[in-house]
Amino acid sequence: MDRIPSSEITDRRFYLNRRAFMASALAAAGGAVVTGGRAHAQEPAAHGRKLMTVRGPLSGKEPPNPWEHLTTYNNFYEFGTRKSDPARNAPKFRPRQPWTVAIEGECSKRGEITLEDVMKGETLEDRVYRHRCVEGWSMVIPWVGFPLANLIKRCAPTSKAAFVEFTTLHDVGQMPGQRSDVLEWPYVEGLRMDEALHPLTILALGLYGEVLPNQNGAPLRLVVPWKYGFKGIKSIVKIRFMEKQPVSSWQRQWAAAYGFYANVNPTVAHPDWSQATEARLPSFFKNTKTLLFNGYGEEVASLYSSLDLRKNY
Ligand SMILES: Nc1nc2c(c(=O)[nH]1)N[C@H]1C(S)=C(S)[C@@H](COP(=O)(O)O)O[C@H]1N2
Ligand SMILES: [Mo]
């Protein structure tokens, strides 16, 4: 007899809750709602766990890379350092049992919240964003998520909160890559408060209108489209409001190559290679010109008007 694993049951409940939510969203939006899956219909539902979404006004227009690229060519060192490792090693990972996120530091709503709390009252949006990895490849990804700003406001940060730090789960039993010392674990990332509050910055829970596959950072990951991909920390278990600038994992690893800002910038090279061009997958040739702020300059350049981008890479 086939038994339904408990994670599947949780996911199904998740879906049913989304349906209930959808009814009110439809009413509120006057019917201007599409389902994410149908909005980008080219890809079949890989596991059938659909999310109900609305098309966000900040979504881009480029055609997304197919599901197969997005879910088999990954960086998630907790599951190995080769691009194919996460797809192979992450399926056993259990991202909902249930999942909790610790809210810490300079805010008045400190404590543990569940994934359901994180999503409470949020409308899930389709956001097609460009993704530029610091290594020189890029993709177009149809995320499902909601503005991080919404959650931050619910946490009621104090006036001292100038930065936000994010931490990934540390669980060697579930994340075999954490046995290696390629990075210091857990993976940590950070944003300045104005970057974190920017409407383009989202917490993603899905891809192509479906629940986020494990290898893409289930159940909850950060997406900051004008920054290099490593800022998009996966499988978040802690959000901490801080007075001082946090140190991110890659910055700790090699500060000369991986700065805190990590804004996509074709004129600031990595010590070992130029960042002027990128390979848009599935092409392996770097024949696409990299754009300042990954092409999102109109929206975000003003955040950095007083910053020397060569020094603050
Ligand atoms: N916890 C964690 N988050 C992470 C990484 C990682 O190794 N561990 N890799 C980063 C890098 S370098 C990139 S390019 C993106 C890749 O996201 P994707 O696999 O969903 O495309 O995740 C980022 N988030
Ligand atoms: Mo990356």
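Applying the side-chain contact (heavy atoms from CB on, under 4.5 Å) rule to V188 yields the partners E165, T167, S249; only residues at least two apart in sequence or on another chain are considered. Residues meeting the ring-ring contact (aromatic ring centres under 6.0 Å, His included) test with F166, sequence neighbours left out: none. Under the side chain to side chain donor-acceptor pair (under 3.5 Å) criterion, Y258 pairs with H270, sequence neighbours left out. A search for side chain to side chain donor-acceptor pair (under 3.5 Å) contacts involving T277 returns nothing, not counting sequence neighbours. The side chain to side chain donor-acceptor pair (under 3.5 Å) test applied to Y228 returns no partner, not counting sequence neighbours. Taking the side-chain contact (heavy atoms from CB on, under 4.5 Å) definition, one finds that L183 meets it with Y77, W185, Y187, W250, Q253, sequence neighbours left out. Scored by the salt bridge (charged side-chain N to carboxylate O under 4.0 Å, His left out) test, E189 finds K231 as partners (sequence neighbours excluded). Partners of A156 according to the side-chain contact (heavy atoms from CB on, under 4.5 Å) rule, which considers only residues two or more places apart in sequence or in another chain, are S108, K109. Every residue meeting the side-chain contact (heavy atoms from CB on, under 4.5 Å) condition with K160, not counting sequence neighbours, appears here in chain and number order: E106, T158, E243. Legend: residues meeting side chain to side chain donor-acceptor pair (under 3.5 Å) with E195, ordered by chain and number and at least two apart, are K227, Y304.
If you chain together ILVMFWY residues whose side-chain heavy atoms come under 4.5 Å of each other, F285 ends up in a group of its own.
The side chain to side chain donor-acceptor pair (under 3.5 Å) pairs that include a residue from residues 232-241 are E104-R240, where partners are two or more places apart or lie in different chains.
No donor-acceptor pair under 3.5 Å is formed between the side chain of N216 and the backbone N or O of L212. A donor-acceptor contact shorter than 3.5 Å links the side chain of Q215 to the backbone of T71.
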